[in-house]
Amino acid sequence: MADVLLDEDEDECPQLVPIEINPNAGSARIPVTIITGFLGAGKTTLLNYILTEQHNKRIAVILNEFGEGSAVEKSLAVSHAGELYEEWLELRNGCICCSVKDNGLKAIENLMQKKGKFDYILLETTGLADPGAVSTMFWVDTELGSDVYLDGIISVVDAKYGMQHLTEEKPEGLVNEAARQIALGDLIIINKTDLVQHEELINLKMAIRSINGLAKLIETQRSRVELSQVLDLHAFDSLASESLQEKLRLAQTSEPHLDKSIITVTFEIPGTIFEEDLNIYLQNLLWEKNVKNKSGNTMEIIRLKGIVSIKEKPQQMIVQGVHELYEIEETSVNWTSENERINRFVFIGRNMDKEILEEVFASTALKERMSS
């Protein structure tokens, strides 16, 4: 059991005690944060720090080791007669942790039985995992979605080796995993900043910003962060609408910093649109994939966020998307005047072309206004 949370820097593991299942589980929805990053970046160090700090929060940690080479050393899961069992352990500060070798979905469903025991879930993905694929299960599984909601994605980047990971050449058509993890991050933690020179850190931050111009950046040593900075991000729900509006206003279209294809594109167009036309625009882009750049390459959206003005809706509407999935949700913020109504988007992906994205949006969603 001593190897439960064996981290890259061989920190002392938290002391564990057996868990007891609470039969009187609560009904409140539980926020889930996905923590991603390359092996050695400091994900497990971050989890160790969170699990051992005194923070008056009951946090459940799921170590998702599917496909991980060191799973035998770290895993708490045990196999008996061909069946896989998860073993749950509770830490003395009220947190619990477990280890699974599936996609995390079954573990979270099992975790729901212990709902009264905690108020937050952290899901650690493997070094090469696509956090977008993990995050979409919260939208697809409606039964699971009634118990939990996705709070955000945290990407941990190694300050010393991050640039090496970002510049690693991939076969034609494949996305660099480190770049994809950064593209999907709502919060990016640059860890081990004490191991690099100031100029190296500046270059890494510029590279990260060129990929994802929307995420918040935090610099750390040994993954030590204020808990308030990593929990309650509300990156996927309407509670973040006011802060998202400000982020979208400040986000800028980026240029490829590493001669790589993942960049951030932003645009805004005033006016009010029909929700059906917005759906057509997004489905052509995300589902049909028939929107191409000037070179004829299909635009591949990894992440999108937006605030839109829908006809006959007094509230600002928030748009969220990860890969092919998206949703449009009402916020609690009303437009103050007709003149203020605007549509702001941030797209993060490959083969992006701002002009074409803007033109297609105008011709699809604003066609009635433009013709009248």
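One-based numbering along the sequence shown.
Looking at residues two or more places apart in sequence or on another chain, you find a salt bridge (charged side-chain N to carboxylate O under 4.0 Å, His left out) between Glu219 and Lys205.
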Can you check ring pair (Phe, Tyr, Trp, His ring centres under 6.0 Å) on Phe361 and Phe345, steps first, answer last?
-> CA-CA 10 Å; Phe361 177 78; Phe345 287 96; 5.2 Å; yes
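Checked for salt-bridge contact, Glu300 and Lys289 miss the test: no charged N lies under 4.0 Å from a carboxylate O. We find that Asp186 and Lys305 are joined by a salt bridge, their nearest charged nitrogen and carboxylate oxygen being less than 4.0 Å apart.
Within the 3.5 Å criterion, the main-chain N or O of Val32 finds no donor-acceptor partner in the side chain of Asp151. Side chain of Asn293 to main chain of Asp353: no donor-acceptor pair is present (N/O by atom type, distance under 3.5 Å, no hydrogens or angles). The backbone N or O of Arg222 lies less than 3.5 Å from a partner atom in the side chain of Asn191, making a donor-acceptor pair. Although no hydrogens or angles enter the test, the distance criterion places a donor-acceptor pair under 3.5 Å between the side chain of Thr264 and the main chain of Gly213. Checked by atom type and distance alone, the side chain of Thr220 never pairs as donor or acceptor with a backbone atom of Val225 at under 3.5 Å. No donor-acceptor pair closer than 3.5 Å links the side chain of Asn343 to the backbone N or O of Val308. With hydrogens and angles ignored, the 3.5 Å screen pairs no side-chain donor or acceptor of Asp158 with any backbone N or O of Ala41. Looking only at distances, no side-chain donor or acceptor of Thr364 sits under 3.5 Å from a matching main-chain atom of Tyr281. No donor-acceptor pair closer than 3.5 Å links the side chain of Asn284 to the backbone N or O of Asn290. Not one N or O on the side chain of Ser155 forms a donor-acceptor pair closer than 3.5 Å with the backbone of Gly37.
Contact of the Val322 side chain with the Phe236 side chain is registered, since non-hydrogen atoms from C-beta on lie closer than 4.5 Å. Side-chain contact between Gln320 and Arg303 is present, with at least one heavy-atom pair separated by less than 4.5 Å. Residues Ile328 and Asn279 are in side-chain contact: their nearest non-hydrogen atoms beyond the backbone lie under 4.5 Å apart.
Scanning both residues, Pro131 and Leu184, for their nearest heavy atoms gives CG-CD1, 3.6 Å.
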